[in-house]
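Working notes, beginning with the structure itself.
Letters A, B, ... are given to chains in the order of the sequence lines, protein chains preceding strands, and every chain is numbered from 1.
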Amino acid sequence: MRRIFAIWAAKLSAIAGIILGKKASSGPGAIALKICPDLIKQLKKDIKYDVIVTCGTNGKTTTNNLLYAALTKSGYKVVCNKVGANMLTGVATAFAMECSWLGRLKADYACLEVDEAYTIKVFNHINPDVVVVTNLFRDQLDRYGEIETTMDIMKKAFENADYPCLVLNGDDPVSSGFGRNYKGKTFYYGIGEKVLPQTDDTKEGRFCMSCGTEQTYNYYHYSQLGDWLCPGCGVKRPSIDFEAKNVDIADGLKFSVDGKQFQLNYRGFYNIYNVLAVYSAINCIDIKIKSFNALLEDYKPQIGRMEEINLGKPFILNLAKNPAGFNQAISTVIQDSRRKDVIIAVNDKPSDGMDVSWLWDVNFEELEKSNLNTLSTSGMRRYDLALRFKYTDVKVDKITDNIKDAILACRKTDAEVCYVLVNYTMLFSTENILLDLQKEQGRDDA
Amino acid sequence: MNNYKITIVHLYPDLLNLYGDKGNIECLRKRLNWRNIDTEVILYTAENENFDFSAADIIFLGGGSDREMEIVCESLKSKKEELSDFIEAGGTFIALCGGYPMLGEYYQTSEKTIEGIGILNIKTDFLDGNRVTGNVILECDNISHPIVGFENHVGKTNIESYTPFGKVIKGGGNDGKGGYEGIIYKNLTATYLHGPLFPKNPQLCDRILLQALKTKYSDYVELPLLDDELELKANKYMVNRG
């Protein structure tokens, strides 16, 4: 009975939220768990096959949503926290919303994105069968302490969950370490050839997690990802089960795995990892999927992942939350040869991470090579960004607390394209501004 | 360029690379270059451990993860005499974040007690309860703008009779409860404030640069002023947020 009350309360609160114009994310789940603390445990029993959890610093929302799309398009019923609310309450919301008003759940799979720091808490409620780890980069240190702390939490969570099958990024010397001496099954994915120019990027995980020696690389992708080897203790990139080869990033993304060709229409080298992670998860538990390529063709990356919005000229909105994410975004900007305006906006709210020291570890000076027309900074840390550029001799044209002003100014320049790079709490408001401007434009054109 | 030159030694930037210390080194360098003073930045790593510290004008020690701090601390213990001589002779030394407690007799983490380099008679015990994390505002003698920064530490440092670096207006400081922050000893500045401290605190950066220039050149009296409008705006913005 409690369960039904809990589900009703969650559903009603979500409906109230929709009326008030809010997105249902954590709130309804929080209410449901107050009424019925073991709601998720009860509902887990109604999942027919597997629970697949995705965690890791970057790419987990994209990976989890793509997995969800793969499963639903193949006709399965799936519980999923699509909106990216990835703590216990967000997971509870996903379950409550998927239930009928009688409190019944009919689902084949659950695919859940879970924040690394909350894995122990969430796994206490739901034991995953498969855990996909995208990568572990430096992110939001003030929340998590350090990468080592995050790893300890996740190891403990895997142990508590009785060693679920792990799908790991073999190119990442940090997170692939979960697979060493692991008591459960492990599968690795990776990109098996040199693709990008070999730079000396921020390799935050460049020292061996086992012995502390600096790792060497046969080839290197970005951040600490690549074909790595520790000369100290001999630990190296594991043998890869699902490996991308023949990678072509000139126009969209093309690559092959086991002789099968894949093609995506969107930008960003890192998206190859997201696709590989999904492909590996599906294959490691042998889920029958309809055409994977058709799925990739239809799949629209969610908000703010190189999202293109046309305002007379393209404005490309991209979310980046940490040095690895920003460096990847900047490298994508440089690969685009068009004359461009760039707007960068960074906030420091708790969900962004309140410490913005990492801004100095982003290769912002590279933007100068990107056929830059104007550069603007915005967000709560607009002055920090402007100083970052001042001390690397890149001219900032505009510093504004109102990103709309920057967008409107860029609309008037003769640059061909405008990139808008923002961190988490700037994302939704910036997207709304861009979409509203697009609507207004539609009206003016009509 | 005039004939002045400052050599900055950045200790173990390869290991202590967590918190954007590049911002501090770039700020020191640029603020000298803008005044036509030549700079050399030496990255001190395991590969050039034979470097003679007496050739340095400024030595910089930043922070890193627990594990990497321990590796650095162990290596620097063998350089204790040289580093101590450098500081006693009025050399300019900057220790930020975990670099600060490391200079003392010992420091503790949640797991263990680690013997420090032992240059300063300070002791750092594990602060029970939560990590001290957040934006900090300090008041420092002879600096007209408040010092703004960010702290993230689990230690509380007993500074004995040393002069503190600043008075805490907002934040945890040495004992995590407010009061005072960091220490000043001769031309050494040590503080828990981490990451890019200098860009938003131009007067602090200049005070340190002037110390180094005066120590090296007896005729050096005053730094020419720079346009710090943006730096001070960034500083004021953080102060006003409180």
Side-chain angles (χ1 to χ4, degrees), chain A residues 137-152 174 200-214 224 322-323 348-350 353-365 377 379-393 396 399 401, chain B residues 14-15 17-31 33-34 45-47 62-71 96-97 109-110 131-135 148-152 154 193-200 202 205 227-238 241:
Chain A
F137 298 136
R138 179 144 64 91
D139 184 20
Q140 306 181 354
L141 276 168
D142 51 329
R143 252 175 71 206
Y144 298 165
E146 291 151 358
I147 283 182
E148 286 88 344
T149 315
T150 308
M151 290 194 74
D152 288 343
V174 179
D200 189 21
D201 211 348
T202 318
K203 297 190 185 86
E204 53 253 46
R206 64 174 145 187
F207 294 96
C208 176
M209 298 306 283
S210 307
C211 75
T213 311
E214 185 167 357
Q224 75 264 14
N322 43 37
D348 64 354
K349 293 185 182 172
M354 288 157 67
D355 181 8
V356 295
S357 301
W358 58 269
L359 289 178
W360 291 82
D361 291 324
V362 178
N363 301 326
F364 279 120
E365 57 271 27
T377 65
M380 295 160 87
R381 291 304 194 123
R382 56 193 176 275
Y383 292 116
D384 288 81
L385 281 163
L387 277 178
R388 171 74 184 86
F389 285 113
K390 177 176 176 180
Y391 281 85
T392 34
D393 299 316
V396 174
I399 305 170
D401 61 342
Chain B
D14 53 340
L15 287 160
N17 63 351
L18 264 189
Y19 297 110
D21 277 318
K22 183 177 164 188
N24 295 313
I25 300 295
E26 277 311 298
C27 193
L28 290 166
R29 189 212 307 255
K30 283 281 179 202
R31 296 183 73 81
N33 290 165
W34 286 332
T45 63
E47 275 128 53
S65 70
D66 286 349
R67 194 175 61 135
E68 282 151 359
M69 293 291 298
E70 216 180 315
I71 301 173
L96 304 186
C97 187
T109 65
S110 56
R131 196 169 259 278
V132 183
T133 301
N135 289 307
V148 297
F150 196 90
E151 66 183 334
N152 183 354
V154 291
L193 301 190
H194 79 205
L197 176 63
F198 296 149
K200 282 200 294 289
C205 188
D227 173 7
D228 286 333
E229 194 193 335
L230 182 61
E231 286 81 349
L232 293 174
K233 255 190 197 164
N235 179 292
K236 199 171 172 197
Y237 177 80
M238 292 311 291
R241 266 173 50 166

*Does Glu214(A) have any side chain to side chain contact (heavy atoms under 4.5 Å, CB included) partners at least two apart in sequence or in another chain, and if so, which?*
Arg206(A), Phe207(A)
*asked:* Test of understanding: with side chain to side chain contact (heavy atoms under 4.5 Å, CB included), list the residues that count as partners of Asp228(B), not counting sequence neighbours.
replied: Arg31(B), Pro202(B), Leu226(B), Glu231(B), Leu232(B)
*Interface moiety of Asp66(B) toward chain A, non-hydrogen atoms closer than 4.5 Å*: both
*asked:* With a 4.5 angstrom heavy-atom cut-off, is it the side chain or the backbone of Leu359(A) that approaches chain B, or both, or neither?
replied: neither
*Start with the C-alpha distance between Glu26(B) and Arg29(B), add both sets of side-chain angles, then the distance that settles salt bridge (charged side-chain N to carboxylate O under 4.0 Å, His left out), and finish with yes or no.*
CA-CA 5 Å; Glu26(B) 277 311 298; Arg29(B) 189 212 307 255; 3.1 Å; yes
*Which bit of Leu197(B) is near chain A, if near means a heavy-atom gap under 4.5 Å: side chain, backbone, both or neither?*
neither
*Are Glu365(A) and Arg388(A) ion-paired here, with the side-chain N under 4.0 Å from a carboxylate O?*
yes
_Just so I understand: if I count every heavy-atom pair under 4.5 Å between each of Cys27(B), Gly195(B), Gly149(B), Gly134(B) and chain A, which residue has the most?_
Cys27(B)
*Lys/Arg N to Asp/Glu carboxylate O, Arg241(B) vs Asp348(A), below 4.0 Å*: yes
*Which region of Asn235(B), side chain (C-beta onward) or backbone (N, CA, C, O), has a non-hydrogen atom less than 4.5 Å from a non-hydrogen atom of chain A, or is it both or neither?*
neither
